[in-house]
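Worksheet: the structure to be examined is printed underneath.
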Amino acid sequence: MSTWSRSSLGARLAAALLLALLAAPAGAQQGPPVAPGAKRPLSMEDLLSWKGIRAPTLSNDGRWMAYVLAPNEGDAEFVVRGTAAGAAETRVPIGEAPAGFGANAGVAISGNNRWVAYTIYPKAEDAKKARRDRRTLTNKLGVIELATGQKREFERVRSFRFAGDRSNVLALQFAPPDAPAGGNAGGAAAGALVQLVDLAGGTPVTLAGVGEWAFDAAGQWFAWTIDQRDQLGNGVQVREMATGIVRALDAEKAQYRRLTWADTGDALAVLRSVADSATKDTLTTVLGWSRLASAKPVSVTINERSAGITGGLVVSADRAPKWSDLQGTLYFGLREPRTPLPPSNAPPVGAGGNAPAPGAGAGGQVAPARQDEETPSLILWHWKDPRLQSAQQVQENQDKAFSHLAAWHVADAKAVKLTDDAVRAATVGYGDRWALGADLTPYERQASVDGRQLRDLYAIDARTGERAIIAKGIQNPGGPFQTLLSPDGARAAWYDDGHWNVFDFATKRSVRVTEGVNAVFWDDEDDHNVVKPPAGAPFGWSRDGRFLFVRDNWDVWRVGVAGGAALNVTGNGKRDGIRYQARVGQDAKERDRKSTRLNSSH
């Protein structure tokens with residue numbers, strides 16, 4: 001017997017009504033003449049013209065806000081205004097902005113609160129005509145000085161980025177030039193043209209053949225990879241923004257990918273990959289440099305022969321390397337080597353009556369199956385497989401890119417593997433001492449049957465890789481692991497059966513911190529196949545890690561990790577029918593129980 005909740009039934013009725021509206025002919029949408037004062041029915045034009053706010057952005061000092069105001073279909077506007085009451089507003093037409101999941105509306109305010117940049121797209125009509133003519137149109141970039149309202153525009157800009165919190169420098173990556181008729185653009189360069197523009201004045205710096213590029217968090221360094229088509233001259237270089245001095249960190253006939261700065265400090269990492277003719281595999285090396293501003297920077301090189309890497313594992317090119325906050329550890333990925341297929345000694349696949357059926361094998365060779373609706377396909381699934389074949393198909397690329405998280409400890413000059421085939425994912429906490437991981441393997445097959453994905457939660461010692469169990473068989477740990485870890489790295493929050501708990505990594509003990517609190521911390525309106533799902537991920541922690549902020553269906557609560565009375569921080573949510581849903585505008589490492597918070601509510 002099927003059971004429908006009121007919310008799911010309402011959603012289905014709303015969807016059916018919308019489908020009926022969309023399927024109705026134009027005359028039916030207009031309907032009979034509307035009496036004076038009566039509401040007219042919605043039309044397709046109404047739906048397409050509804051406008052929404054995209055990419056809302058707030059300046060670091062909170063004095064400016066910017067966003068894109070765009071209809072569901074058609075040209076949009078860029079809007080920037082001061083946050084003070086009665087502040088002036090500037091609106092600029094920017095063409096048809098991208099929409100949908102993953103779309104980037106291209107809005108940024110400089111870290112020094114002086115400039116705002118926004119992408120200008122082709123107009124909707126021009127873009128439609130270009131698609132018919134099979135032409136590619138390029139975007140432009142607009143920049144406004146917030147204090148004066150003065151505007152500048154740059155042509156053919158593919159992407160842009162401001163440099164740090166105090167700089168006036170803007171980096172622009174330009175679209176490649178149009179290929180000449182009858183051939184390609186020529187030359188050996190495969191990278192792009194990047195320009196560093198000082199918006200306050202000065203001569204722009206132009207770099208050619210740039211693959212990947214990035215500023216460090218402070219805007220003091222600019223790093224880029226050189227990407228030539230024949231790989232001759234490829235390498236990694238950095239520019240010190242204050243002096244203009246350029247240093248070459250590495251150069252080799254190889255591909256350089258996944259250039260990454262540390263979250264704080266002057267530490268850089270990149271992957272260098274070369275094709276190995278002996279193994280028919282691509283071998284990757286992790287290159288790292290820390291304390292670049294010092295007289296003796298630290299250099300790190302990690303490959304399959306480095307200490308601590310065993311079992312034939314090689315460095316993965318699918319996981320970006322990342323330095324720890326203290327620059328003492330470099331995280332990277334390890335994968336199984338890809339074994340080449342053995343060569344076949346069988347004669348080529350024949351034709352006519354001797355040809356194999358589509359998809360069948362003959363002498364180690366496979367004839368390609370026809371890709372049409374008339375030709376049946378066969379997908380084999382073994383009953384011992386923990387995942388259904390449909391799930392395996394959807395997750396095929398994810399499985400190919402899987403890598404084990406490993407940590408290279410600079411002082412020990414040795415790698416430690418933190419995950420394996422069971423605990424496949426882990427997140428390292430602040431301070432790089434402990435990590436939080438999960439094992440889904442004992443429950444995968446049952447999850448294919450009832451849809452309830454359980455997991456075992458583990459504490460992982462980031463120095464040794466040793467594990468300790470936190471909880472078994474929980475369905476939802478409460479949110480992304482990064483939100484569960486305390487800012488001092490000493491504890492982790494986790495959720496189960498309607499309550500929040502806090503695990504202490506040092507003592508290996510958990511405390512139920514919402515026990516006895518007069519509130520319901522599970523979402524009593526969620527109709528998914530989850531028993532007492534959490535009302536939401538934690539709002540955060542106090543800076544010293546002594547308090548955890550969580551929400552019920554209405555308010556935000558502060559609970560102490562060592563016990564004590566809980567405090568309803570917002571106070572009026574349930575009383576006034578306000579739902580406090582998310583925390584915005586504050587970095588996870590800068591939370592303080594005494595500081596002001598910006599909350600999203602409705």
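This one's a predicted model, so the numbers in the text were calculated from it and none came from an experiment. Basis for what follows: all heavy atoms, side chains included, without hydrogens, waters or symmetry-related copies.
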Check your understanding: If you count the non-hydrogen atoms of other residues, nucleotides and ligands that lie under 6.0 Å from CG in Asn518, is the total more than 12?
Key -> no
Review point. OG of Ser316 to CG of Leu405: how many Å apart, nearest 0.5 Å?
Key: 11.0 Å
Review point. Do Arg433 and Asp461 sit within salt-bridge range, that is, some charged N less than 4.0 Å from a carboxylate O?
Key: yes
Review point. With a 4.0 Å cut-off, would you call Asp456 and Arg467 a salt bridge?
Key: no
**Study point:** Any donor-acceptor N/O pair, Arg551 side chain to Phe539 backbone, under 3.5 Å
**Key:** no
Check your understanding: Residues two or more places apart in sequence or in another chain: which of them pass side-chain contact (heavy atoms from CB on, under 4.5 Å) with Arg452?
Key -> Asp450, Leu454, Gln475, Asn529, Val531
Point to revise | Polar side-chain atom of Glu212 near backbone of Arg257 as donor-acceptor pair, under 3.5 Å | key: no
Exercise for review: Would you confirm whether Asn60, through its side chain, and Asn113, through its main-chain N or O, come within 3.5 Å as a donor-acceptor pair?
Suggested key: no
Review point. What are the two closest non-hydrogen atoms of Ala426 and Thr419, and how far apart are they?
Key: CB-CG2, 3.7 Å
Point to revise | Backbone of Pro386 reached by a side-chain donor or acceptor of Glu444 within 3.5 Å | key: no
Revision key, fill the gap. Here the pair of heavy atoms bringing Tyr443 nearest to Lys472 is OH-C, 4.2 Å
Point to revise | Side-chain heavy atoms of Leu42 within contact of Trp50, under 4.5 Å | key: yes
Check your understanding: Judged by atom type as modelled, is there a donor-acceptor pair below 3.5 Å linking the side chain of Thr441 to the main-chain atoms of Ala422?
Key -> no
Revision key, fill the gap. So CG of Leu388 and CD of Gln393: to nearest 0.5 Å the spacing works out to 10.5 Å
Exercise for review: Say whether, by atom type as modelled, one donor and one acceptor occur between the side chain of Arg258 and the main chain of Pro321 under 3.5 angstrom.
Suggested key: no
Check your understanding: How long is the span from the CZ atom in Arg158 to the CG atom in Leu141, to the nearest 0.5 Å?
Key -> 14.5 Å
**Study point:** Worked verdict on Phe547 versus Phe549 for ring-ring contact (aromatic ring centres under 6.0 Å, His included)
**Key:** CA-CA 7 Å; Phe547 296 94; Phe549 294 88; 7.4 Å; no
Check your understanding: Between Asn568 and Arg575, is any pair of side-chain heavy atoms under 4.5 Å apart?
Key -> no
Check your understanding: Is a side-chain N or O of Arg319 found less than 3.5 angstrom from the main chain of Ser403, in a donor-acceptor match?
Key -> yes
Check your understanding: Ignoring hydrogens and geometry, is there a side-chain-to-backbone donor-acceptor pair from Asp75 to Ala124 under 3.5 Å?
Key -> yes
Practice item. Applying side chain to side chain contact (heavy atoms under 4.5 Å, CB included) between Arg558 and each of Leu567, Val550, Leu548, report the one that passes. Key: Leu567
**Study point:** Minimal non-hydrogen separation, Thr329 against Ala407, with atom names
**Key:** CG2-CB, 3.8 Å
Review point. Using the ring of each side chain (for Trp, its six-membered ring), is Phe521 parallel, tilted or perpendicular to Trp557, with breaks at 30° and 60°?
Key: perpendicular
Check your understanding: Which value, rounded to the nearest 0.5 Å, describes the distance between Ile474 atom CD1 and Arg455 atom CZ?
Key -> 7.0 Å
**Study point:** Rounded distance [0.5 Å steps], CG in Asp421 versus CZ in Phe402
**Key:** 6.0 Å
Practice item. For the pair Arg509 (side chain) and Asp504 (backbone), establish whether a donor and an acceptor sit closer than 3.5 Å, ignoring hydrogens and angles. Key: no
Check your understanding: Where the side chain of Asn553 meets the backbone of Trp522, is there a donor-acceptor pair that is under 3.5 Å apart?
Key -> yes
Review point. Do NZ/NE/NH1/NH2 and the carboxylate oxygens of Lys322 and Asp263 come within less than 4.0 Å?
Key: yes
Practice item. To the nearest 0.5 Å, tell me how far Gln392 CD sits from Asp385 CG. Key: 5.0 Å
Review point. Do Leu484 and Thr427 come close enough that some side-chain heavy atom pair is under 4.5 Å?
Key: no
Practice item. Apply side-chain contact (heavy atoms from CB on, under 4.5 Å) to Asp576 and list each qualifying residue two or more places apart in sequence or on a separate chain. Key: Asn572, Ile578
